[in-house]
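By convention in this document, chain letters (A, B, ...) are assigned in the order of the sequence lines, proteins followed by strands, and residues within each chain are numbered from 1. This one's a predicted model, so the numbers in the text were calculated from it and none came from an experiment.
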Number of protein chains: 2
Amino acid sequence: MRNTDIPAIRTLPLFKEMADGSFAELVRGAYVQTFPQNMELILEGDPCDFLHIVVDGSVELLANWGGRETTMTILREGATFILAAAIRDAPNLMSARTLERTRVIMLPAEDVRQVFEIDHAFARAVVMELAYCYRGVIKSVKGLKLRTSIERLANYLLKWQKKTGGNATFTLTIEKRRLASVLGMTPENLSRAIKSLRPYGVSIDGQVVEISKPDDLKRLAKPTPLIDDPRS
Amino acid sequence: MRNTDIPAIRTLPLFKEMADGSFAELVRGAYVQTFPQNMELILEGDPCDFLHIVVDGSVELLANWGGRETTMTILREGATFILAAAIRDAPNLMSARTLERTRVIMLPAEDVRQVFEIDHAFARAVVMELAYCYRGVIKSVKGLKLRTSIERLANYLLKWQKKTGGNATFTLTIEKRRLASVLGMTPENLSRAIKSLRPYGVSIDGQVVEISKPDDLKRLAKPTPLIDDPRS
DNA sequence: AGGGGTGATTGACATATATCAATCCAGGGC
DNA sequence: GCCCTGGATTGATATATGTCAATCACCCCT
């Protein structure tokens, strides 16, 4: 493991509060690797050997069934994944694939469980992280079951606008077909959904989005922190 | 709190391994209450004051948005709920409502967080429970995004058959309209879905289900532990 | 036994979403 | 500059699912 990566992950919420000794033990067996685009990091159903952390780049979590495939979420810098499987020593429920050249830290799941036993601050952080992830998935179920695809798109745009600073114009960092999959629709339908948001002041050219009538859009989207705010 | 309830919850995975002293502290401030049918126990968006445990009966977790409502899951004896919110001291993402006369234990969330700090065995159990719940919700997202409603129904029936002992004939313990909501469809559509499973050997009369051609049904349902097995 | 109420079912229809095929468009390699 | 490729878009159509209204079946109550 390169020395330059260690301080970077030390500041992540999951590791910030833990004892130096525990952190050292955790890091001792860690791997860091830079993967090319479209690399399968994890296969659904395989046993979980490592807790993964995205240092740089982005990773898609996806699931397959009966010949179909869906994107569960997209992870960026600082995100951890496969924590629940690592803790429970259970098979992965999702596959993971790099979306671009991506740098990943891999901590042996065995070590994670070990350190979890002896370091209370780490255990506390793991609980917080898991509870956070759990609530995130609950929110996405609510979105899927309570909203139409157009409403999901509208809320996605508003959320992303807020995340990028709140300007009327901003840029998506996701391919449209992947966005469609995240939102639970086909690429064709996403195109149509985008068009149908035009009366609400939305125009999308390539990756560039402009929201000219935010109030109209919000009236349609009806965003609520209980679905759309990642924190809280 | 009645003395008879204490040993009952002591044997739950969440409390089984913790120290006697911690358990006593947790239980000291606990309430036990029996609620009538259709009682709102928790309202979505409210702050989370208690960790709840179902002692007897059943509870529906549901969510609302834009005038719509959906059942997220149904909890029975031994299940805990609102653990993530209690741990994070965050607002409830779901409402809870009794489906019948139900006995519930309520542990002040403050106490849970307190004991969590001092008792490592409890912290470990909380992590295991949270990871378990997280994986459960992931499975349900996979079902929603990858399967049609007929496939979800077919898998629900197979899962329930296994849970009740595996006989060709078994009984559902859920109203059809609620089952429809759990599966993410309307009651009308559930009726039609049931009819469309007839060629696969499914007949449902009231709450009584008979699966006469299990292999045909499985060929349609394509169950997988990565979606349909609550453990693993 | 009769009535009232609630949930289940059915049919007709509307809407949402997926599928398939064709085309468009932009970026990369040569 | 030009071809090639993959993603995006569009149109036509099929399928899945929701909505509304009517009816049915059952249970409970008296």
Side-chain angles (χ1 to χ4, degrees), chain A residues 36-38 60 65-71 74 97 99-101 143-157 171-199 202-209 220-221, chain B residues 36-38 60 65-71 74 97 99-101 143-157 171-199 202-209 220-221:
Chain A
Q37 186 183 35
N38 263 333
E60 176 185 24
W65 181 83
R68 297 164 215 165
E69 175 170 315
T70 191
T71 302
I74 289 176
R97 175 200 296 155
L99 287 178
E100 56 191 305
R101 192 177 152 83
L144 286 168
K145 292 181 78 175
L146 292 168
R147 287 173 170 163
T148 66
S149 55
I150 291 176
E151 290 164 343
R152 291 197 294 276
L153 171 61
N155 279 293
Y156 181 92
L157 294 176
T171 305
L172 300 174
T173 62
I174 180 177
E175 272 179 309
K176 290 222 180 80
R177 67 200 179 104
R178 251 171 267 277
L179 174 56
S181 187
V182 168
L183 296 177
M185 55 177 136
T186 59
E188 294 95 326
N189 241 320
L190 175 60
S191 274
R192 291 173 191 124
I194 289 172
K195 272 212 295 196
S196 73
L197 287 183
R198 214 145 45 187
V202 174
S203 69
I204 303 188
D205 180 31
Q207 312 258 84
V208 181
V209 182
L220 170 74
Chain B
Q37 186 183 33
N38 264 334
E60 176 184 25
W65 180 84
R68 298 162 215 167
E69 174 171 317
T70 191
T71 302
I74 290 177
R97 175 199 298 155
L99 287 179
E100 56 190 308
R101 190 177 155 81
L144 286 168
K145 292 180 77 176
L146 292 169
R147 287 174 170 162
T148 66
S149 55
I150 292 177
E151 290 164 342
R152 291 198 294 275
L153 171 62
N155 279 293
Y156 181 93
L157 293 176
T171 306
L172 300 174
T173 61
I174 181 177
E175 273 179 310
K176 289 224 181 78
R177 67 200 179 104
R178 251 172 266 276
L179 174 57
S181 186
V182 168
L183 296 177
M185 54 178 140
T186 58
E188 294 94 328
N189 242 318
L190 175 59
S191 275
R192 291 172 191 126
I194 289 171
K195 271 212 295 196
S196 74
L197 287 183
R198 214 142 46 184
V202 174
S203 68
I204 302 188
D205 179 31
Q207 311 259 86
V208 181
V209 183
L220 170 75

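- With hydrogens and angles left out, the side chain of A/R192 and the base of C/dT19 share a donor-acceptor pair within 3.5 Å.
- Atom-to-atom, CD1 of B/I150 to P of D/dT15 comes out at 13 Å; the value is rounded to the nearest Å.
- Across the protein-nucleic acid pair, A/L153 atom CG and D/dT9 atom P stand 11 Å apart, rounded to whole Å.
- With hydrogens and angles left out, the side chain of A/R147 and the base of C/dT17 share no donor-acceptor pair within 3.5 Å.
- Straight-line distance from the CE atom of B/M185 to the C1' atom of C/dT15: 18 Å, rounded to whole Å.
- Side-chain proximity of A/S191 to the nucleotides D/dA8, C/dG11, C/dT19 is greatest for D/dA8.
- For the pair B/R178/B/S181, no side-chain contact is recorded, criterion being any heavy-atom separation below 4.5 Å from C-beta on.
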- Task: Apply side chain to side chain contact (heavy atoms under 4.5 Å, CB included) to the pair A/T173 and A/Q207, showing each step before the final yes or no.
- Result: CA-CA 7 Å; A/T173 62; A/Q207 312 258 84; 5.7 Å; no
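- For B/R68 and D/dT17, the CZ to C1' distance is 14 Å, given to the nearest whole Å.
- Taking the side chain of B/E188 as heavy atoms from C-beta on, and the options C/dG11, C/dT17, D/dG7, the nearest nucleotide is C/dG11.
- For the pair A/L157/A/L197, a side-chain contact is recorded, criterion being any heavy-atom separation below 4.5 Å from C-beta on.
- OP1 or OP2 of C/dT9 sits under 4.0 Å from a side-chain N or O of B/K176.
- Atom CD of B/Q207 and atom P of D/dA25 are 18 Å apart (whole Å).
- To the nearest angstrom, C1' of C/dA8 lies 12 Å from CD1 of B/I204.
- If you measure from atom CD of A/E151 to atom C1' of C/dA16, you get 12 Å, rounded to the nearest angstrom.
- Atoms CD1 and CD1, from B/I204 and B/I194 in turn, are 4.0 Å apart once rounded to the nearest 0.5 Å.
- Atoms CD (A/Q37) and P (C/dG28) sit 12 Å apart, rounded to a whole Å.
- Side-chain atoms of A/R177 lie closest to D/dG7 of the nucleotides D/dG7, C/dA18, C/dG11.
- For the atom pair CZ (B/R97) and CD (B/Q37), the distance works out to 10.5 Å, reported to the nearest 0.5 Å.
- Taking only side-chain nitrogens and oxygens, B/N189 never comes nearer than 4.0 Å to OP1 or OP2 of D/dT17.
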